[in-house]
Protein chains: 2
Amino acid sequence: MGVSKTEFFTEEQNQMASLFKSISHPARIAIIQYLLSVDSCICGDIVNELPLAQPTVSQHLKELKNANIIKGTIEGTAICYCLNQDTIAVIQDYFKGITKQLQNKCC
Amino acid sequence: MGVSKTEFFTEEQNQMASLFKSISHPARIAIIQYLLSVDSCICGDIVNELPLAQPTVSQHLKELKNANIIKGTIEGTAICYCLNQDTIAVIQDYFKGITKQLQNKCC
DNA sequence: TTATTATATCGTAATATTGCAATATAATAA
DNA sequence: TTATTATATTGCAATATTACGATATAATAA
């Protein structure tokens, strides 16, 4: 149906799935990489860095913000975006846990 | 349009995005967690562990296989699934790189 | 051979995502 | 005040995803 049966899964399973969904698009990966490539937070010009129209970029930024992957603070006319280290850490910890559990496996 | 403009992004950006897409559904997170929770590879009974019909589970397993998140080997009538440590490592390395780049940031 | 069991594929309906033109909003500049 | 500039929102078309009943396939059991 296109509807995920979220109610049948745990809170953690739904949270991790939606976190991964937020970074499951090349434009959003590109935004993350661009934020990493510059010295500090970026005010403006993310739109010019991507091969997409302004409303589309705005939409992708909104999704990254909703997932707490990036933080945005208003700087006059522009908005200053940067990565949210806490959320990156959440993902990393999740995979650390997986790797730890995998150590005793046969495969 | 619902079509990602993949041709405008790098190979790596598209690859990482599709890797994250493969784990962006709670059922697929649940499959990963179930594979981790048992001692070894699992032959059969993944269907019984999930609140979804057999064709739906089969479809999710296929997506995880296509993304190389899991490996499946035929064991008589059943199929034996386990996680692919190499792909888990790819994701972990990606976030290690991000964390490293983040160390010199202001936010 | 005919069950039985496990998994895959097909077809399709419901819903979600992507992308963008048009427009709105919000802050500052002239 | 009226620009200008930066970002957000709306509305919609094209496409993708999710879920599952029906059916197919493939291996073994009786």
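A quick note: this is a predicted structure, and the numbers were derived from the prediction, not measured. Each chain gets a letter, A, B and so on, in the order the sequences are listed, and its residues count up from 1.
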Does the side chain of B:Leu83 reach to within under 4.5 Å of the side chain of B:Ile69, using non-hydrogen atoms?
-> yes

Side chain to side chain, B:Ile91 and A:Tyr94, heavy atoms closer than 4.5 Å |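 A side-chain contact under 4.5 Å is absent here.
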
Counting distance only, does the side-chain N/O of [X] pair as donor-acceptor with the main-chain N or O of [Y] below 3.5 Å?
{"X": "B:Ser58", "Y": "B:Gln54", "answer": "no"}
{"X": "A:Arg28", "Y": "A:Lys21", "answer": "yes"}
{"X": "B:Asn68", "Y": "B:Thr87", "answer": "no"}

Look at the side chain of A:Ala53 and decide which nucleotide, out of C:dA8, C:dG19, C:dC20, has an atom nearest to it.
-> C:dC20

Return the value, rounded to whole Å, for the distance between atom [atom1] of [X] and atom [atom2] of [N].
{"X": "B:Asn48", "N": "C:dT5", "atom1": "CG", "atom2": "P", "result": "13 Å"}
{"X": "B:Leu50", "N": "C:dA6", "atom1": "CG", "atom2": "P", "result": "16 Å"}
{"X": "A:Asp45", "N": "D:dT5", "atom1": "CG", "atom2": "P", "result": "16 Å"}
{"X": "A:Phe9", "N": "D:dT18", "atom1": "CZ", "atom2": "C1'", "result": "11 Å"}
{"X": "B:Leu52", "N": "C:dA8", "atom1": "CG", "atom2": "P", "result": "15 Å"}
{"X": "A:Ile23", "N": "C:dT17", "atom1": "CD1", "atom2": "P", "result": "16 Å"}
{"X": "B:Phe20", "N": "C:dT17", "atom1": "CZ", "atom2": "P", "result": "18 Å"}
{"X": "B:Leu64", "N": "D:dT17", "atom1": "CG", "atom2": "C1'", "result": "14 Å"}

Where does DNA chain D form stems of at least three consecutive Watson-Crick or G-U wobble pairs, each pair having both distances below 3.5 Å?
-> C:1-30 with D:1-30

How do A:Lys21 and A:Pro55 order along DNA chain C: which one's closest nucleotide is nearer the 5' end?
->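 Of the two residues, A:Lys21 wins.
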
Taking all non-hydrogen atoms of both residues into account, name the closest pair between B:Ala30 and B:Leu50 and its distance.
-> CB-CD2, 3.7 Å

Residue pair A:Ser22 / A:Leu64: nearest heavy atoms and the distance that separates them = O-CD2, 3.5 Å

Whichever of B:Gln54 and A:Thr6 has the more 5' nearest nucleotide on DNA chain D, that residue is A:Thr6

Identify, residue by residue, the members of residues 56-63 of chain B with a heavy atom below 4.0 Å from DNA chain C, and return them in order of residue number, or none.
-> B:Ser58, B:Lys62

Hey, what's the ring geometry for A:His25 with A:His60, parallel, tilted or perpendicular (30° and 60° as the breaks)?
-> tilted

Taking the six-membered ring for Trp, are the ring centroids of A:Phe20 and B:Phe95 within less than 6.0 Å of each other?
->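 No: the rings miss the under 6.0 Å criterion.
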
